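Please read the structure below before turning to the comments.
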Amino acid sequence: MTEPSTREEKLELGVELLAHLEREELDLAAAVDRIETITTSPALTRDILDAAEKRGIIDREGARLRVRRNGTYVEYDSQVVAREGDFECRRCGTSISTGHFIRLDAGELGPFGSSCIRKVTGRESESPSESE
């Protein structure tokens, strides 16, 4: 799989990433943190959130998002691939020798370090406000 290059591909990848989060609720900042692994464009970030809401993937309530659970979590055994090499984590910028990539229908996202992959998928909380 290749990294998404067009605006539409990035939008679809962002929506699909939100659909696969393992958290029922998270604050907007945490959602934006995840979306920023795809784009840093504020306009595209807004479009991803709008599209996810219109498609019924999320509900927005102020600065909180509620993710509708459809049992579509990232399957670590089949959707996360680890590759050896010289990488920079797409989320935190740290140099890593093992890159973890998420394979989604809309494309592949990564590389991430071992802790960032859990944060991006929602398996690990980033802040106390996320676990409220």
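Computed from a predicted model, the values in this text were never measured in an experiment. Numbers here are sequence positions counted from 1.
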request  = Write down the atom of Tyr76, the atom of Arg118, and the distance for their closest heavy-atom approach.
outcome  = OH-CA, 3.6 Å
Pairs touching residues 35-47 that satisfy side chain to side chain donor-acceptor pair (under 3.5 Å), sequence neighbours left out = Arg7-Asp47
query = What's the spacing between Ile102 CD1 and Leu109 CG if we round to 0.5 Å?
reply = 5.0 Å
inquiry  = Looking only at the side chains, is there a donor atom on one of Glu84 and Thr98 sitting less than 3.5 Å from an acceptor on the other?
reply    = yes
query = Taking 4.0 angstrom as the limit, do Arg83 and Glu108 come out as a salt bridge?
reply = yes
query = Where is the tightest heavy-atom contact between Leu11 and Ala51, given as atom of each residue plus distance?
reply = CD2-CB, 4.1 Å
Test item: His100 side-chain N/O and Phe112 main-chain N/O as donor-acceptor pair under 3.5 Å = yes
remark   = By side-chain hydrogen bond (donor to acceptor under 3.5 Å, both in side chains), Glu12 pairs with (sequence neighbours left out) Arg55
note = Rounding to 0.5 Å, atoms CD1 (Ile38) and CD1 (Ile48) come to a distance of 5.5 Å
key: Cys92 to Cys116 - nearest heavy-atom pair and separation   = SG-SG, 3.8 Å
key: Working for side chain to side chain contact (heavy atoms under 4.5 Å, CB included), residues His20 and Thr121   = CA-CA 7 Å; His20 281 76; Thr121 59; over 6 Å; no
key: Pairwise side-chain contact, Val67 with Glu24, heavy-atom cut-off 4.5 Å (strictly under)   = no
query = To the nearest 0.5 Å, how far apart are CG in Leu65 and CG in Leu18?
reply = 7.5 Å
Partner set under salt bridge (charged side-chain N to carboxylate O under 4.0 Å, His left out) for Glu61, not counting sequence neighbours = Arg66
ask   = Rounded to the nearest 0.5 Å, how far apart are CD1 of Ile58 and CD of Glu25?
value = 12.0 Å
ask   = Distance from Leu28 atom CG to Arg64 atom CZ, nearest 0.5 Å?
value = 10.0 Å
Cluster check Val81, Leu13: I/L/V/M/F/W/Y, side chain < 4.5 angstrom = no
query = For Glu53, what residues pass the side-chain hydrogen bond (donor to acceptor under 3.5 Å, both in side chains) criterion, not counting sequence neighbours?
reply = Arg60
inquiry  = Under 4.5 Å side-chain heavy-atom separation, chaining through any Ile, Leu, Val, Met, Phe, Trp or Tyr, what else clusters with Phe87? Say none if it is isolated.
reply    = Ile96, Phe101
query = Got a sec, which residues hit salt bridge (charged side-chain N to carboxylate O under 4.0 Å, His left out) with Glu88, two or more places apart in sequence or on another chain?
reply = none
query = Counting N and O atoms only, with roles assigned by atom type, does the side chain of Arg34 sit under 3.5 Å from a partner on the main chain of Arg91, one being a donor and the other an acceptor?
reply = no
